[in-house]
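Heads up, the thing below is written out as structure tokens.
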Number of protein chains: 2
Amino acid sequence: MKGKIFIIEDEASIIQLVQLNLEKEGFVVSSSLNGNEGLKELKKFEPNLLLLDWMLPDLSGIDVCKNIRRDSNFKTLPIIMLTAKGEEEDKIKGLESGVDDYITKPFSFNELHARIKAVLRRSDPNIVANDLTFEDLKLDRIEKRVFRADKEIQLGPTEFRLLEFFLTNPKRVYSRDQILETVWPNNVNVESRTIDVHIRRLRQSINIKDKKELIRTVRSSGYSLV
Amino acid sequence: MKGKIFIIEDEASIIQLVQLNLEKEGFVVSSSLNGNEGLKELKKFEPNLLLLDWMLPDLSGIDVCKNIRRDSNFKTLPIIMLTAKGEEEDKIKGLESGVDDYITKPFSFNELHARIKAVLRRSDPNIVANDLTFEDLKLDRIEKRVFRADKEIQLGPTEFRLLEFFLTNPKRVYSRDQILETVWPNNVNVESRTIDVHIRRLRQSINIKDKKELIRTVRSSGYSLV
DNA sequence: TTAAATTGTAATATTTCTGTAACAAAAGAA
DNA sequence: TTCTTTTGTTACAGAAATATTACAATTTAA
């Protein structure tokens with residue numbers, strides 16, 4: 001899961017270009033062509049990051065920005081401002097008004113992508129990182145390694161995916177069905193009790209004596225990481 | 001933010017009633033009186049949930065449903081079917097054809113609302129509020145945890161559902177029958193006195209010494225949260 | 001090809017939860 | 001008061017959910 005990005009930008013061609021590329025990178029993207037509608041849709045969409053054009057037909061980027069910062073649910077939403085060349089002076093204003101970064105049009109997608117990753121890494125590391133962490137647990141998606149308290153742990157493939165799944169949303173309780181759907185390849189039919197066994201195996205692997213149990217059983221609901 | 005709901009239903013009066021109430025709840029609502037047009041508009045509207053009448057002038061609800069499930073963009077759109085009384089047998093067919101829930105006309109808005117929330121919670125948890133609170137009581141539906149005065153409380157599954165139920169309408173008095181209907185799975189037959197026992201268990205769990213009793217007994221009527 | 005690792009399931013053990021019955025206590029009614 | 005109705009409390013047996021174990025089948029690695 002890479003996270004959700006919302007774009008408010010009045011040039012449809014830019015939206016198209018950026019959206020296409022971001023989706024190719026695995027982000028979920030939604031967009032709007034103007035400020036007022038954009039604000040509404042954005043709040044429904046609940047993105048992890050906003051790409052915001054400086055000049056919009058109705059509201060200025062700064063107005064949008066201020067509105068967002070006033071909303072307690074989006075106070076901390078990372079924003080990257082898109083400015084046209086020659087507006088450099090405004091950049092300072094932009095940053096002052098609570099923008100996390102800016103990029104000057106025209107920009108290459110690579111440049112944008114780098115900035116997005118940088119901003120997300122600061123605000124919500126789990127979205128970008130190849131490392132998922134929770135407390136003293138660390139999972140490296142690239143190298144396929146898992147550590148508990150800096151000690152490497154060997155997991156079978158299924159236990160690895162299972163832990164990876166829990167780490168994308170720690171604390172959240174998942175039902176056996178939800179776990180099956182996500183962790184097992186589609187169209188496989190496995191007994192839902194099978195999950196108990198894998199939970200057991202995972203527990204056995206990641207538990208260290210004298211350290212607390214990391215997987216919580218919620219009777220009649222499922223399991224979660226705690 | 002509550003999300004978008006689309007209604008396909010040929011009785012204008014029902015649409016009006018439901019739409020009005022849903023909008024009052026904060027949903028964005030759009031509707032259509034028949035299946036073919038409805039399908040087109042729905043795909044433009046991109047709702048988070050569809051309320052679909054079983055009997056339509058042109059297409060049957062099932063046809064609409066199948067059409068939607070064939071469209072990759074709407075494969076997972078949650079659908080609640082509206083059936084008239086006496087069509088109960090069809091319900092099974094409905095659920096088989098990919099419907100998420102159904103409700104029999106005539107229905108109360110509260111009942112519909114509850115089902116909508118339940119279905120949305122499954123499909124798109126961010127749309128629905130997940131924390132229920134009342135005074136110093138807090139229930140987290142995602143993590144399945146309950147707190148009183150910031151101290152965590154352990155509840156069994158039934159007590160959890162019971163409290164969840166009371167928290168959706170604090171202060172309101174519910175009869176034992178109402179409690180049974182909502183908190184217990186359908187088609188289970190339990191003695192109504194059983195509820196007293198669970199109330200007792202819930203009380204024991206959530207009461208803290210020196211703090212006031214949270215569950216009120218209303219003689220010959222039922223119980224409520226106060 | 002063989003050995004080792006992994007997987008799903010079934011059988012069994014263990015834990016936790018549930019509903020009910022029986023009796024006590026409280027609240028109304030007469 | 002006394003009687004009646006309703007609710008509170010308790011204990012307990014059976015049910016239900018989860019934990020654990022062993023094992024055969026399959027996959028992967030050597």
Side-chain angles (χ1 to χ4, degrees), chain A residues 139 143-146 152-166 173-207 209 212-226, chain B residues 144-146 152-166 173-207 209 212-226:
Chain A
L139 180 149
E143 299 184 10
K144 305 269 183 203
R145 288 172 190 276
V146 174
E152 178 155 14
I153 284 163
Q154 298 298 336
L155 295 182
T158 304
E159 281 69 54
F160 185 91
R161 293 199 310 277
L162 192 56
L163 181 59
E164 184 181 11
F165 174 62
F166 278 121
V173 175
Y174 289 101
S175 70
R176 291 188 174 68
D177 280 345
Q178 288 175 313
I179 295 173
L180 263 186
E181 259 179 45
T182 317
V183 175
W184 267 257
N186 292 330
N187 67 44
V188 201
N189 252 32
V190 283
E191 205 64 37
S192 106
R193 306 261 76 239
T194 299
I195 288 167
D196 301 25
V197 179
H198 283 282
I199 289 282
R200 147 108 172 132
R201 288 168 181 156
L202 181 55
R203 273 179 171 150
Q204 247 174 351
S205 304
I206 67 176
N207 278 356
K209 82 167 175 348
K212 73 167 185 189
E213 173 68 52
L214 279 178
I215 295 175
R216 175 168 77 121
T217 302
V218 182
R219 195 171 226 257
S220 83
S221 293
Y223 298 96
S224 73
L225 212 59
V226 287
Chain B
K144 305 267 185 202
R145 289 180 190 277
V146 173
E152 177 156 14
I153 284 163
Q154 300 295 336
L155 295 181
T158 304
E159 281 68 56
F160 186 93
R161 292 199 309 276
L162 192 57
L163 181 60
E164 185 180 11
F165 173 62
F166 279 120
V173 177
Y174 290 101
S175 72
R176 290 188 175 68
D177 280 345
Q178 287 175 311
I179 294 173
L180 263 186
E181 256 179 48
T182 318
V183 175
W184 267 258
N186 293 330
N187 67 45
V188 203
N189 252 32
V190 284
E191 205 65 37
S192 103
R193 290 304 316 281
T194 298
I195 288 167
D196 300 26
V197 178
H198 283 283
I199 289 282
R200 148 96 172 144
R201 286 169 181 155
L202 182 54
R203 273 179 171 150
Q204 236 170 2
S205 303
I206 67 176
N207 279 355
K209 81 169 176 346
K212 73 168 184 187
E213 173 67 51
L214 278 178
I215 295 175
R216 177 168 73 118
T217 304
V218 183
R219 192 168 228 262
S220 79
S221 295
Y223 299 95
S224 76
L225 212 58
V226 287

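The figures here come from the full heavy-atom set of this structure, side chains too, leaving out hydrogens, waters and symmetry mates. Just so it is clear: chains get the letters A, B, ... in the order the sequence lines come, proteins before strands, and each one is counted from 1. Everything quoted here is computed from the prediction, not taken from an experiment.
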Looking at residues at least two apart in the chain, or sitting in another chain, which of them share a side chain to side chain contact (heavy atoms under 4.5 Å, CB included) with [X]?
| X | answer |
| --- | --- |
| B:Thr182 | B:Phe165 |
| A:Glu143 | A:Asp140, A:Arg145 |
| B:Asn207 | B:Arg148, B:Arg203, B:Glu213 |
| A:Val218 | A:Val173, A:Arg216, A:Ser221, B:Lys144 |

*State, with a plain yes or no, whether a side-chain heavy atom of B:Phe166 is found less than 4.5 Å away from one of B:Ile199.*
yes
_Residue pairs, two or more places apart or on separate chains, that pass salt bridge (Lys or Arg N to Asp or Glu O under 4.0 Å) and touch residues 175-189 of chain A_ = A:Arg176-A:Asp196
*Verdict with supporting geometry, A:Ile215 and A:Leu225, side-chain contact (heavy atoms from CB on, under 4.5 Å)*: CA-CA 5 Å; A:Ile215 295 175; A:Leu225 212 59; 4.1 Å; yes
*For B:Arg161, what residues pass the side chain to side chain donor-acceptor pair (under 3.5 Å) criterion, not counting sequence neighbours?*
none
Rounded to whole angstroms, how far apart are [atom1] on [X] and [atom2] on [N]?
| X | N | atom1 | atom2 | answer |
| --- | --- | --- | --- | --- |
| B:Ile215 | D:dT9 | CD1 | P | 11 Å |
| A:Asp196 | C:dA13 | CG | C1' | 14 Å |
| A:Ile199 | C:dT7 | CD1 | P | 14 Å |
| A:Asn207 | D:dA19 | CG | C1' | 14 Å |
| B:Ile179 | D:dT7 | CD1 | P | 11 Å |
| B:Arg203 | D:dG8 | CZ | C1' | 8 Å |
| A:Gln204 | C:dA5 | CD | P | 15 Å |
| A:Leu180 | C:dG8 | CG | C1' | 12 Å |

*asked:* Does the protein touch nucleotides 15-23 of chain C at the base, only the backbone, or not at all? Give it as B, S and - per nucleotide, heavy atoms under 4.0 Å.
replied: BBSBBBB--
*Sort and list the pairs that fulfil ring-ring contact (aromatic ring centres under 6.0 Å, His included) and have at least one residue in residues 185-205 of chain A, not counting sequence neighbours.*
A:Trp184-A:His198
*Check whether any side-chain N or O of A:Tyr223 sits under 4.0 Å from OP1 or OP2 of D:dA17, and answer yes or no.*
no
*asked:* Check this one for me: any side-chain N or O of B:Arg176 less than 4.0 Å away from OP1 or OP2 of D:dT6?
replied: no
*Kindly point out which of D:dT21, D:dG8, D:dT18 is positioned nearest to the side chain of A:Thr217?*
D:dT18
*asked:* At 10 degrees resolution, what angle do the end axes of the helix from C:dT1-D:dA30 to C:dA30-D:dT1 form when each is taken over five base pairs?
replied: 30°
